[in-house]
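Below, chains carry the letters A, B, ... as their sequence lines are ordered, and counting in each starts from 1. We use all heavy atoms of the structure for the numbers below, so side chains are in, but hydrogens, waters and symmetry mates are not. Just so you know, these numbers come straight off a predicted model, no measurement behind them.
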There are 2 protein chains.
Amino acid sequence: MHNTALDDLKIDHLPRTLREIAVERLRGAIIAGRFPSGARLVERTLCDQLGVSRSVVREAIRYLEAEGLVENAPRSGPVVATLDWGQAEQIYNIRLLLETQAAADCARKADAAAKAALRDALQALDEAFRASEPQRLYDATTHFYEVIFTVAGHDVAWEIVQRLNGRISRLRALTLASTDRHVSGQARMTRICEAILDSDPERAASAVHDHLTEAAEIARRLLGNDARPEDKSR
Amino acid sequence: MHNTALDDLKIDHLPRTLREIAVERLRGAIIAGRFPSGARLVERTLCDQLGVSRSVVREAIRYLEAEGLVENAPRSGPVVATLDWGQAEQIYNIRLLLETQAAADCARKADAAAKAALRDALQALDEAFRASEPQRLYDATTHFYEVIFTVAGHDVAWEIVQRLNGRISRLRALTLASTDRHVSGQARMTRICEAILDSDPERAASAVHDHLTEAAEIARRLLGNDARPEDKSR
DNA sequence: GTGCTAATCTTGGTATGCCATAAGATGGTC
DNA sequence: GACCATCTTATGGCATACCAAGATTAGCAC
C-alpha cells in the first residue's frame, strides 16, 4: 500500500523522553479502562508500575490533567476523570459539528492520493470489523477519521476531537463493541467513504451525521441503563 | 434538599497550590504578550521570576504544553507556541461552529434570569467599549460569551473555546483594538444580544456568524500584512 | 592565521528527600 | 462498651541534587 505524503511527514522522534512515554502509557491505560473512572492515581504506586521517578509521573499527570483525562481533587490527589451523560452528550454534539464539517471539506479537497489513503483506511477498518478485535477496531476507526481530518486540513479540529474522544473513550469502546454496531457500523463507514470518493460534501456530511447520531444514541442507552457506570472504589 | 444552593458554597480557593498560581501567572503572561511567540521559557529563569522551584515551573509548563500554549522543542526546551495564519483560520472556523451553535441554543433556552444576565453582560461590554480600556474590553467580551455558553448549557464547548482563544489571544487583542472594530463590534454584539432576548435562534446564530467572520477577516489582514508576525530567534 | 579539540557552561531530564496534612488505627477514659 | 484524643502512616506538594547532552569558547597545533 503506497502511502501518500499525507501522514508520513512526521520525522518525529519516537517517544524520546520518559515523560512522553509515561503520558502515553497512562493515557492508554485510562482509555483502555485499566484505571476505572474515579480511581485514584497514587503517584508512588504509578512510579513502581511505570518504573520511573515521581517527577516524571507528576508531570505526566499534569499533562493528562490539562487534557481532561485526570482531575485533581484538592486534597486527595489526582483521580481518573468521571463522565456523566450531560458531558458525554455535549461531546457528541461537538464531534458532530467538527466531524461533519471535516467530512465535507475532505470531500471537497480530496485528490487521488487522498482518496487512495482513505480507501486503505477503510480497508483496514473492514478487516478489523471482521477480525472482531476491539483494539484493532478502535485504532482503525481512529485512523480512518484521522485521514479525513488530515485531508480536510483540519489539524486543530482533529486535535480537539482526539482529546474529546479520550474523555469518552470507554463509551466509545462500548459503542464500537455493541452488536448492532457491528452490522451497521461498517455500512455507515463505507457510506462516508463513498461520499468522499464521489467528492460529494453534502452526502459525506450527512453520512457522518447519521453515523455519529447513532453512536450517541447507543452511548446514551449504555450510560442511561446502568445509572452508575463505574465504581469509584480504588 | 437544596442541593443547588449548596453547590455554590465550594471554597476551592483555600488549597491553592503554588503550581496553580504558576500556571495562571504564566498563562496570563503569555496571553498578555509579555512572552512573545517563540520566546524560550528557560526553567531556571522562570524559577527566579516566579520565586518557586523547578518542580513547580516544570509541572506548570507541562500543563500549558497540553493546553497548546507552549511547545516543547526536542532539545532546546519549551517555547511559547507560535501561530501561523493556517492555524488561526482553523481556530476561527471552529469557533464559528461552536459559537453559532451556542448562540442558537442559548436563544432557545434563555429564561428571564438568563436574559437579565445577558443584558448585564452587554451593559458591561458597552461601558468597556466606551472606556477604551483594552483589558476591560477583552474581559467583558469573554464574559459575554461565557454567559451565552453557560445559558446554552455548553460547558465543554466553552472550555474548548477558551483554550482556542488562548492560542489566538494576541490576534484577538488586536482585532478588539482595531478601529473599525470599535464602531461595528458594539453594534454586532447588540445584535447578538437582541436576537437572544427575542428567543430567535436563527438570527442569533447569524449575528454571531457575521461577528466572527468579521473578526477573522480583520485577523487575516493583521497576520497577512506583516507576513512574519514574530521572530523565532533562539 | 586557521582549524580542530577540549573544557566549561548552559539547559533540560531524572531521582530523591523533606515537610505538611488528612485519614485511619490505637489506646485511654468515662 | 462507647467516645474522644493522640499517634502513625500514607500521600501529595515542594525543593534540591545529580547527570547527560548540546553549545560556546579558549587554547593549542600546524
Side-chain angles (χ1 to χ4, degrees), chain A residues 11-27 29-30 35-36 38-67 69-82 231-234, chain B residues 9-27 29-30 35-36 38-67 69-82 231-234:
Chain A
I11 310 175
D12 247 359
H13 49 84
L14 292 179
R16 274 193 51 268
T17 68
L18 284 184
R19 172 164 42 85
E20 289 173 49
I21 300 174
V23 167
E24 286 179 14
R25 293 280 173 84
L26 279 179
R27 180 166 39 210
I30 292 174
F35 297 107
R40 293 186 61 179
L41 296 172
V42 180
E43 294 177 3
R44 287 172 172 84
T45 308
L46 292 176
C47 292
D48 291 343
Q49 291 172 339
L50 292 169
V52 296
S53 74
R54 278 183 67 205
S55 316
V56 177
V57 169
R58 287 177 62 88
E59 291 181 27
I61 287 177
R62 294 292 95 79
Y63 196 96
L64 295 176
E65 193 185 335
E67 274 193 4
L69 233 53
V70 168
E71 286 167 356
N72 214 340
R75 279 205 159 78
S76 53
V79 296
V80 177
T82 57
D231 203 19
K232 301 187 87 156
S233 70
R234 171 219 189 286
Chain B
L9 293 182
K10 274 199 290 193
I11 320 171
D12 44 18
H13 282 287
L14 283 181
R16 215 162 138 77
T17 66
L18 282 184
R19 187 180 65 242
E20 290 173 50
I21 300 174
V23 167
E24 285 177 18
R25 292 280 172 84
L26 280 179
R27 179 167 39 210
I30 292 174
F35 296 108
R40 294 186 62 177
L41 296 172
V42 180
E43 293 179 5
R44 286 172 173 84
T45 309
L46 293 177
C47 291
D48 292 343
Q49 292 172 340
L50 293 169
V52 295
S53 75
R54 282 183 67 207
S55 317
V56 176
V57 169
R58 286 176 64 88
E59 290 181 27
I61 288 178
R62 293 292 96 78
Y63 196 96
L64 295 175
E65 193 186 334
E67 273 192 5
L69 233 52
V70 168
E71 286 167 355
N72 212 341
R75 282 208 161 69
S76 55
V79 296
V80 177
T82 57
D231 201 20
K232 300 189 76 162
S233 74
R234 132 159 160 70

**Study point:** Considering all heavy atoms, the nearest B:Val70-B:Pro78 contact
**Key:** CG1-CB, 3.7 Å
Exercise for review: Round to the nearest Å and state the distance from B:Arg40 atom CZ to C:dG12 atom C1'.
Suggested key: 10 Å
Review point. For A:Ala73, which residues count as a side chain to side chain contact (heavy atoms under 4.5 Å, CB included) partner, sequence neighbours excluded?
Key: A:Ser76
**Study point:** Distance in angstrom units between B:Leu18 CG and C:dA20 P, rounded
**Key:** 14 Å
Practice item. Whole angstrom is fine here: how far is it from CG in A:Asp48 over to C1' in D:dT11? Key: 13 Å
Revision key, fill the gap. A:Glu43 CD to C:dT21 C1', in whole Å, measures 14 Å
Study note, to complete from the structure: The side chain to side chain donor-acceptor pair (under 3.5 Å) partners of A:Arg19 (sequence neighbours excluded) come to A:Glu59
Check your understanding: According to the side-chain hydrogen bond (donor to acceptor under 3.5 Å, both in side chains) rule, which pairs have a member within residues 45-54 of chain B, sequence neighbours left out?
Key -> B:Glu43-B:Arg54
Under 3.5 Å, which protein N or O atoms sit close to an N or O of nucleotides 22-24 of chain C? Give each pair with its distance.
unit_1	atom_1	unit_2	atom_2	d
C:dA22	OP1	A:Arg75	NE	2.9

Practice item. Nearest whole angstrom, please: distance from the P of D:dC14 to the CD of B:Glu20. Key: 9 Å
**Study point:** Listed partners of B:Val52 passing side chain to side chain contact (heavy atoms under 4.5 Å, CB included), at least two apart
**Key:** B:Leu18, B:Leu50, B:Val56, B:Val57
Study note, to complete from the structure: Residues at least two apart in sequence or cross-chain that pass side chain to side chain donor-acceptor pair (under 3.5 Å) with A:Arg25, listed by chain then number, are none
Practice item. For a side chain to side chain contact (heavy atoms under 4.5 Å, CB included) with A:Leu64, tell me which candidate from A:Leu26, A:Val80, A:Leu41 qualifies. Key: A:Leu26
Check your understanding: When all nucleic acid strands are considered with a 4.0 Å heavy-atom cut-off, which category describes A:Arg44: base, sugar-phosphate, or nothing?
Key -> base
Check your understanding: What's the CG-P distance between A:Leu46 and D:dT11, to the nearest Å?
Key -> 11 Å
Check your understanding: Under a 4.0 Å heavy-atom cut-off, which of residues 52-67 of chain B touch DNA chain D?
Key -> B:Val52, B:Ser53, B:Arg54, B:Ser55, B:Val56
Point to revise | Set of side chain to side chain contact (heavy atoms under 4.5 Å, CB included) partners for A:Val79, sequence neighbours left out | key: A:Arg40, A:Glu71
